[in-house]
Colleague: 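Handing you this structure, nothing more for now.
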Amino acid sequence: MDKENFFEKVYEVVRLIPRGRVTSYGAIAEYLGTKGSSRMVGYAMNGCGTAYPPVPAHRVVNRQGLLTGKRSFATPHLMQQLLESEGVEVENDKVKNFKKLFWQPGAEL
DNA sequence: GCAATGACTGGAG
DNA sequence: CCTCCAGCCATTG
């Protein structure tokens, strides 16, 4: 699949997310140059399970820090569990201190 | 090639 | 504060 260029870019950025940090779909989309295509980021993540190496999609949340994509995980609580396992506090399906844990692609490269 | 869908976003009601 | 709507772009049927 040569069309995975977009997906590949998304995976690449997501893999660069440091442990214990999170980012938003819009931030990734903007970094890819396709600002506004936040849906594509989430859509791309749809294949994160088939992508290799595996993509830490649990570190990718919506702009509110809400775990919107947890429903697409193997188990809905897996995402929160992984985040908590990395030191990210999650409450009510949303990341606490999201603004503080927010990681922007390229910002710390 | 058109229509529908989606792990989003921001604004309006 | 909560809900609904329209715009956004790439993938799929």
Side-chain angles (χ1 to χ4, degrees):
Chain A
M1 294 295 221
D2 298 39
K3 298 161 197 144
E4 292 188 356
N5 191 330
F6 184 86
F7 286 32
E8 193 176 317
K9 276 185 166 183
V10 177
Y11 300 148
E12 183 179 356
V13 176
V14 176
R15 288 199 214 99
L16 290 173
I17 302 175
R19 173 181 163 288
R21 290 289 191 99
V22 291
T23 188
S24 64
Y25 300 92
I28 298 173
E30 185 178 350
Y31 178 77
L32 296 178
T34 55
K35 184 180 184 183
S37 56
S38 44
R39 298 179 118 117
M40 303 304 91
V41 179
Y43 200 82
M45 299 266 83
N46 208 334
C48 70
T50 63
Y52 188 84
V55 180
H58 58 272
R59 292 181 187 151
V60 185
V61 294
N62 71 343
R63 226 192 174 305
Q64 301 178 38
L66 192 67
L67 310 185
T68 53
K70 71 174 193 168
R71 304 179 193 284
S72 296
F73 274 73
T75 54
H77 48 88
L78 178 63
M79 187 174 189
Q80 180 174 336
Q81 187 176 317
L82 286 169
L83 286 169
E84 289 180 330
S85 184
E86 295 187 352
V88 180
E89 299 179 74
V90 180
E91 174 124 327
N92 194 12
D93 296 341
K94 49 195 169 190
V95 178
K96 295 173 70 172
N97 306 325
F98 169 67
K99 187 176 180 182
K100 184 168 132 187
L101 297 173
F102 182 75
W103 177 85
Q104 188 174 44
E108 300 181 8
L109 290 174

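The chains referred to below are lettered A, B, ... by the order of the sequence lines, with proteins before strands, and numbering in each begins at 1. All values reported here derive from a predicted model rather than from experimental measurement.
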Colleague: Can you pull every protein N or O that's under 3.5 Å from an N or O on nucleotides 9-13 of chain B?
Modeller:
{"residue": "B:dT9", "atom": "OP1", "partner": "A:R63", "partner atom": "N", "Å": "3.0"}
{"residue": "B:dT9", "atom": "OP2", "partner": "A:R63", "partner atom": "N", "Å": "3.0"}
{"residue": "B:dG10", "atom": "OP1", "partner": "A:R63", "partner atom": "NE", "Å": "3.0"}

Colleague: Return yes if some donor-acceptor pair links the side-chain N/O of A:Y11 with the main-chain N/O of A:P53 below 3.5 Å, else return no.
Modeller: no

Colleague: Using modelled atom types only, decide if a donor and an acceptor are shared between the side chain of A:N62 and the backbone of A:Q64 within a distance under 3.5 Å.
Modeller: yes

Colleague: With the 4.5 Å side-chain cut-off for hydrophobic clustering, are A:L101 and A:L66 part of the same group?
Modeller: no

Colleague: Does A:Y25 offer a backbone N or O that forms a donor-acceptor pair with the side chain of A:S38 under 3.5 Å?
Modeller: no

Colleague: Could you state the atom-to-atom distance from CZ of A:F7 to C1' of C:dT11 in whole Å?
Modeller: 6 Å

Colleague: Would you mind reading off the distance between A:L67 atom CG and B:dA7 atom C1', rounded to a whole angstrom?
Modeller: 11 Å

Colleague: For A:Y43 and C:dT11, what is the distance between atoms OH and P respectively, to the nearest whole Å?
Modeller: 9 Å

Colleague: Let me know the distance between OH of A:Y11 and C1' of B:dA7, rounded to the nearest Å.
Modeller: 12 Å

Colleague: Using a heavy-atom cut-off of under 4.0 Å over every strand shown, decide if A:A57 touches base, sugar-phosphate, or nothing.
Modeller: base

Colleague: If the test is side-chain hydrogen bond (donor to acceptor under 3.5 Å, both in side chains), which one of A:K70, A:E86, A:E84 qualifies with A:H58?
Modeller: A:E86

Colleague: How many whole angstroms separate atom CG of A:N46 from atom P of B:dA4?
Modeller: 20 Å

Colleague: About how many Å separate OG of A:S37 and OH of A:Y43, when rounded to the nearest 0.5 Å?
Modeller: 14.0 Å

Colleague: May I have the distance from A:F6 (atom CZ) to C:dT11 (atom P), rounded to whole angstrom?
Modeller: 7 Å

Colleague: Measure OH/A:Y31 against P/C:dC9 and give the value in whole Å, please.
Modeller: 20 Å

Colleague: Could you give the NZ-to-P distance, from A:K9 to C:dC9, as a whole number of Å?
Modeller: 16 Å

Colleague: How would you label the contact of A:S72 with the nucleic acid (heavy atoms, under 4.0 Å): base, sugar-phosphate, or nothing?
Modeller: base

